[in-house]
Amino acid sequence: MTTSQQPDPKDRPARLTVGVVGAGRVGPALAASLQLAGHRPVAVSGVSDASRRRAAQLLPDVPVVTPSQVLERAELVLLTVPDDALPGLVEGLAETGAVRPGQLLVHTSGRYGAKVLDPALRVGALPLALHPAMTFTGTQVDVQRLAGCSFGVTAPEELRLAAEALVIEMGGEPEWVAEEKRPLYHAALALGANHLVTLVAESMELLRGAGVEAPDRMLGPLLGAALDNALRSGDAALTGPVARGDAGTVAAHVAELRRHAPGTVPGYLAMARATADRALASGLLKPELAEDLLGVLADGAGLADNGRDG
């Protein structure tokens with residue numbers, strides 16, 4: 001019995017020409033992923049040297065042109081610019097006649113849904129919001145990470161299937177997010193991913209201060225297990241002195257941080273209070289122990305405020 005060999009994506013006829021406006025870390029990776037699915041990148045715009053290098057690495061031989069020239073050449077256009085720049089970009093492209101009827105316009109902002117593309121919709125474009133829930137490096141590894149990555153998808157109902165199909169072609173998993181829920185959705189991702197980087201970086205700095213030569217090696221298994229447990233069990237995965245109600249240990253932490261890294265104290269106190277609230281609500285932290293603990297956190301906050309006033 002013989003099995004049929006799958007054709008190389010490069011040998012398949014291209015279905016859509018693809019353009020990228022904004023060669024940051026996201027756009028070239030998405031375009032490269034669409035290329036693997038049989039689409040054909042034809043143009044990219046980028047101003048900085050770093051943007052041009054990314055485009056050259058991920059989209060070799062694709063010309064770097066102006067944004068209006070990208071829209072002129074492409075049937076599917078990825079608008080991968082910073083959130084704050086997106087509304088003005090869309091309005092400008094629509095007002096100058098760069099947008100064509102029937103053209104697919106895809107933005108990757110987590111903050112916005114499809115309505116930010118209304119100026120283009122009014123001139124006949126097809127608006128899609130496809131936000132990959134992934135951190136990007138601007139290198140080839142990003143294309144590999146898109147496999148199994150969830151995308152927050154928002155689009156007019158009649159374009160829902162098309163939006164989901166594009167995500168699947170990039171190897172992702174579409175997750176529908178209502179227009180009015182986009183800001184909350186994006187805040188949740190920022191809280192989890194962006195703040196995690198800050199917490200890990202601060203933890204590594206403190207470990208170096210404590211004389212640990214390889215803080216990354218020490219933290220890797222611990223943080224990996226904590227993340228896995230949290231994803232599996234939620235609040236039931238909480239451990240440590242706050243969840244146990246060890247007020248004396250927390251007081252010692254605050255004293256040491258104030259002595260060696262005062263900039264970390266407000267963040268420690270805020271996260272400790274949030275942890276205590278969740279541990280109390282889930283029954284992990286006994287109310288009789290919570291009183292002393294919350295007193296320590298309140299005292300720590302008061303000392304921090306006095307330090308700033310002084």
Side-chain angles (χ1 to χ4, degrees), residues 8-82 85-109 112 114 116-132 136 138-140 142-143 146 151 155-156 159 162-163 165-172:
D8 189 310
K10 296 177 181 178
D11 297 332
R12 289 185 288 178
R15 287 165 288 160
L16 289 171
T17 52
V18 178
V20 179
V21 175
R25 297 182 179 184
V26 178
L30 297 188
S33 184
L34 287 168
Q35 186 174 35
L36 292 175
H39 301 288
R40 182 164 62 92
V42 293
V44 59
S45 73
V47 177
S48 69
D49 290 341
S51 294
R52 291 172 178 267
R53 285 195 299 270
R54 279 191 289 268
Q57 179 185 16
L58 292 170
L59 301 171
D61 303 322
V62 175
V64 178
V65 297
T66 65
S68 60
Q69 289 173 320
V70 172
L71 271 75
E72 180 182 333
R73 301 180 187 190
E75 298 163 310
L76 166 62
V77 179
L78 302 172
L79 304 178
T80 53
V81 297
L86 182 60
L89 172 67
V90 175
E91 290 178 5
L93 291 173
E95 289 174 359
T96 58
V99 181
R100 303 194 310 273
Q103 193 168 42
L104 282 165
L105 283 190
V106 177
H107 81 70
T108 59
S109 166
Y112 292 108
V116 72
L117 299 173
D118 276 356
L121 174 64
R122 288 192 286 270
V123 295
L126 306 177
L128 307 176
L130 307 180
H131 174 251
F136 286 79
T139 65
Q140 188 64 39
D142 296 333
V143 181
L146 288 174
F151 279 67
L159 294 176
L166 282 173
V167 170
I168 292 170
E169 285 190 319
M170 288 185 281

Problem - Heavy-atom pair of closest approach, residues Leu146 and Ala29 - result: CD1-O, 4.1 Å
Problem - N/O donor-acceptor pair under 3.5 Å between His107 side chain and Leu79 backbone - result: no
Practice task
Answer yes or no: is there a side-chain heavy-atom contact under 4.5 Å between Pro127 and Leu159?
Solution key: yes
Practice task
Might you point out which heavy atoms bring Ala129 and Ala114 nearest each other, and give the distance in Å?
Solution key: CB-N, 4.1 Å
Exercise for the section: Side-chain contact test, heavy atoms from C-beta onward, threshold under 4.5 Å: evaluate it for Pro132 versus Val26 and give yes or no. Expected result: yes
Contacts under 3.5 angstrom, residues 87-98 side chains, donor-acceptor by atom type, not counting sequence neighbours:
unit_1	atom_1	unit_2	atom_2	d
Thr96	OG1	Gly92	O	2.9
Thr96	OG1	Leu93	O	3.2

Practice task
Answer yes or no: does atom CZ of Arg100 have more than 12 heavy-atom neighbours from other residues, nucleotides or ligands under 6.0 Å?
Solution key: yes
Compile the donor-acceptor pairs under 3.5 Å between side chains in residues 55-70 and protein atoms, sequence neighbours left out, one pair per line.
unit_1	atom_1	unit_2	atom_2	d
Thr66	OG1	Ser68	OG	3.2
Thr66	OG1	Gln69	N	3.3
Thr66	OG1	Gln69	OE1	3.2
Gln69	OE1	Thr66	N	3.0

Completion exercise
Rounded to the nearest 0.5 Å, the CD atom of Glu75 sits from the OG1 atom of Thr17 at a distance of 3.5 Å
Practice task
Please tell me if the side chains of Val77 and Val99 come closer than 4.5 Å, counting only heavy atoms from C-beta onward.
Solution key: no
Exercise for the section: Could you check if a side-chain atom of Phe151 sits within less than 4.5 angstrom of a side-chain atom of Ile168, using non-hydrogen atoms only? Expected result: no
Handout entry: Thr108 side chain vs His131 backbone, donor-acceptor pair below 3.5 Å
Key = no
Practice task
Determine, step by step, whether Leu78 and Leu130 satisfy the side-chain contact (heavy atoms from CB on, under 4.5 Å) criterion, reporting the C-alpha distance in whole Å, the side-chain angles of both residues, the deciding distance to 0.1 Å, and the verdict.
Solution key: CA-CA 10 Å; Leu78 302 172; Leu130 307 180; over 6 Å; no
Fill in the blank from the handout: The reported gap from CG in Leu166 to CG in Leu16 (rounded to nearest 0.5 angstrom) is 7.5 Å
Handout entry: Glu169 side chain to Leu34 backbone, donor-acceptor under 3.5 Å
Key = no
Handout entry: Candidate list Leu105, Val106, Leu126, test side chain to side chain contact (heavy atoms under 4.5 Å, CB included), partner Leu76, passing option
Key = Val106
Handout entry: Polar side-chain atom of Arg54 near backbone of Gly138 as donor-acceptor pair, under 3.5 Å
Key = no
Fill in the blank from the handout: Residue set satisfying salt bridge (charged side-chain N to carboxylate O under 4.0 Å, His left out) with Glu72, at least two apart, ordered chain then number -> none
Problem - Closest contact, heavy atoms only, Leu86 versus Ser109 - result: CD2-CB, 4.0 Å
Exercise for the section: Could you tell me whether the side chain of Arg25 and the main chain of Phe136 form a donor-acceptor pair under 3.5 Å? Expected result: yes
